[in-house]
Amino acid sequence: MDVSDTLKRLPAVDQVLDCLKPGDSDPRAGRDVLTECVRRTIAALRDRIRGGDLVGEDEMAPESIGREARRRMGRLHAGSLRSVINLTGIVIHTNLGRAPLSRAVLEDVDQRLSTYNNLEFDLTAHARGSRHDHVAALLLQLMPAQAALVVNNNAAAVLLILSEFAAGRGVVVSRGELIEIGGGFRIPDVMTQSGARLVEVGTTNRTRLADYEVALGQDTAMIFKAHQSNFRMVGFTEETGYRELADLARRNGLVFTADLGSGRLTDQGPLSRLDEPSPKDVLESGADLVCFSGDKLLGGPQAGVIAGRADLIDSLRKNPLLRALRVDRFTITAMEATLRRHLDGRLEDIPVLAALAASPETVRGRCRSLVRRVKRIRAEAGLELRVVPTEAEVGGGTLPGRIIPSFGVEVSLKGRSETFVERSLRENENAIIGRVHGGRLVLDLRTLLDGQSEPVARALAGLKAGEDDND
Ligand SMILES: *Cc1c(COP(=O)(O)O)cnc(C)c1O
């Protein structure tokens, strides 16, 4: 049968709708939504037929199309962005939304966003206010900067800084720092986008102060130092420090900008052990501007923080690009709530910091209690759970290769491969993501959040052993 004949056998939308019982229409959605889903299901079949796919008679039956349309509608209602239980041992997981927010922070957000608020209104002066002032005051408490500004993310921060101070002029960067962060953020590309001219200095593994010195010219506007973030250089390496670069910039009347990536705000608790430059240290070394992400080690919402000299921040505030990169009230409120917790040292309300702070013993305790919980629910005889030491990571391009000792539960199931079990947990209604390594599936409990033990235990207890080794 040729394509046009096959196409003619596709039922009409009404035919499909007729064979769906009235009760089939989801009460939450009108008949219109169902009709649209039927239309799209038929269109998808038509595309497949045109593309040369052999579509079976049964698939083209109105009943079958009706069922598929209902599944389509179900997916629409379920939404695509779902809650996931991250048991990979990677604390700032780029694919899993980076930094989760605590209930305490979200309550602050709820209180301020379910009503009108003074986003751009100065309640004391009875005059127009600036949305940028809310977070700035808190940031200045946390680092020795004269002024601060928050934009949509750190990529936006870098773009804004380069556009304002270096468009049409030269920016000196070490060849060892021409990084790609992922998601299309490459330092050379952002330079091009901003209109700045990239001046590469040094070599991949070694860049000395003298390399910067000889590269400075008439049109140089800025010295830019980027944190290497997601890779590590070992061996015959050398880089120029923040203080030396700050001095060089000052002597030559240039702006020195440090893109720190993660932005470790406090030295407290777990962060004291992480050897990661903090905005405070880098500003004290004399950097004119620093920028970093809001949702890496800061543990807040997606945002980019810029802090440093008041005159420079003031120019950034006047740049028309800021209108496109500015943050909304959700980000401002969540950022404020997170920064307040940094200030008060309530790091337990910042989930990524709480996850990094947990001692290996604490994580081991979680593992043991999870195993007991599964046994209480009475799991399959073929399910074997073992508490094993693991190596967790910070993630998010922060401290690559740096291991955080942790513990996990190794899961094995009689007659099933580790990839089968991994998929079952991932496709579970609670979407549990573990890590398969060397033929073993391990659930690292360092990143287990409040209230997640129960669903994980239920998912494990619900695993069904197989007849043999074939999945
Ligand atoms: C992560 C990172 C960025 C990008 O930050 P986003 O907040 O993801 O936009 C830029 N520079 C460095 C050095 C980074 O580590």
Side-chain angles (χ1 to χ4, degrees), residues 90-101 135 139 148-163 166 171 173-194 196 198 207 222-233 239-240 242 245 256-265 271 274-279 281-283 287 289-308 316 321-322 324-328 330-332 334-335 338-339 352 393-402:
I90 299 169
V91 177
I92 304 171
H93 199 303
T94 306
N95 299 148
L96 304 180
R98 280 203 191 159
L101 299 175
V135 174
L139 283 166
L149 179 64
V150 176
V151 292
N152 191 43
N153 54 21
N154 192 28
V158 173
L159 179 66
L160 181 65
I161 291 170
L162 292 173
S163 308
V171 178
V173 190
S174 159
R175 287 200 169 87
E177 295 168 9
L178 296 176
I179 48 171
E180 169 173 329
I181 303 296
F185 182 90
R186 294 174 140 197
I187 297 273
D189 297 346
V190 178
M191 293 267 172
T192 308
Q193 185 68 41
S194 72
L198 172 64
T207 306
M222 182 181 289
I223 297 178
F224 187 90
K225 186 168 175 63
H227 188 275
Q228 285 168 341
S229 297
N230 49 8
F231 75 104
R232 210 156 54 107
M233 287 203 305
E239 64 174 313
T240 313
Y242 292 105
L245 290 180
F256 173 41
T257 301
D259 172 8
L260 300 179
S262 279
R264 169 172 71 88
L265 276 197
L271 298 185
L274 300 179
D275 138 47
E276 174 80 12
S278 72
D281 297 343
V282 175
L283 285 165
L289 289 174
V290 296
C291 62
F292 51 91
S293 290
D295 54 351
K296 291 182 181 171
L297 281 180
L298 196 154
Q302 178 193 299
V305 175
I306 308 173
L316 291 173
L321 195 53
L322 179 61
L325 304 177
R326 73 179 191 181
V327 282
D328 76 326
F330 175 84
T331 306
I332 291 172
M335 193 62 152
T338 305
L339 292 174
V352 295
E393 291 168 44
V394 182
T398 309
L399 297 161
R402 169 64 177 263

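Counting starts at 1 for both ligands and their atoms, in listed order.
The shortest contact between atom 7 (O) of ligand 1 and any protein heavy atom is with S293 OG, 2.6 Å. With respect to atom 10 (C) of ligand 1, the closest heavy atom belonging to the protein is N154 ND2, 3.2 Å. Atom 13 (C) of ligand 1 has S229 OG, 3.2 Å as its closest protein atom, hydrogens excluded (heavy atom only). In terms of protein heavy-atom proximity, atom 11 (N) of ligand 1 is nearest to D259 OD2, 2.7 Å.
Remark: the backbone N or O of T207 is not paired with any side-chain donor or acceptor of E239 at under 3.5 angstrom. Under the 3.5 Å distance criterion, the side-chain polar atoms of S174 are matched with a main-chain donor or acceptor of G176. Between the side chain of R98 and the backbone N or O of D295, no donor-acceptor pair lies under 3.5 Å.
Taken to the nearest 0.5 Å, the OG1 atom of T240 stands 9.5 Å off from the CD1 atom of I223. Atoms CG and CG, from L298 and L339 in turn, are 5.5 Å apart once rounded to the nearest 0.5 Å.
Contact annotation: the side chain of D259 never approaches that of H227 to less than 4.5 Å [non-hydrogen atoms, C-beta and beyond].
Note: no N/O pair closer than 3.5 Å links D295 and ligand 1 by distance alone. Considering backbone and side-chain N/O of A155, one or more are found under 3.5 Å from N/O of ligand 1. Considering backbone and side-chain N/O of S262, none are found under 3.5 Å from N/O of ligand 1.
The side chain of R98, and not its backbone, has at least one atom closer than 4.0 Å to an atom of ligand 1 (non-hydrogen atoms only; side chain from C-beta on).
Applying the 4.0 Å criterion to heavy atoms of F185 picks out, from ligand 1, the atoms 10 (C), 11 (N). Annotation for ligand 1: atoms under 4.0 Å from non-hydrogen atoms of H227 are 13 (C). Heavy-atom proximity to G261, at under 4.0 Å, picks out these atoms of ligand 1: 12 (C), 13 (C), 14 (C), 15 (O).
N154 and S293 get closest at one heavy-atom pair: CB-OG, 3.4 Å.
Between K296 and ligand 1 there is a heavy-atom distance shorter than 4.0 Å.
Remark: Q193 CD is loosely packed, at most 12 non-hydrogen atoms of other residues, nucleotides or ligands lying under 6.0 Å away.
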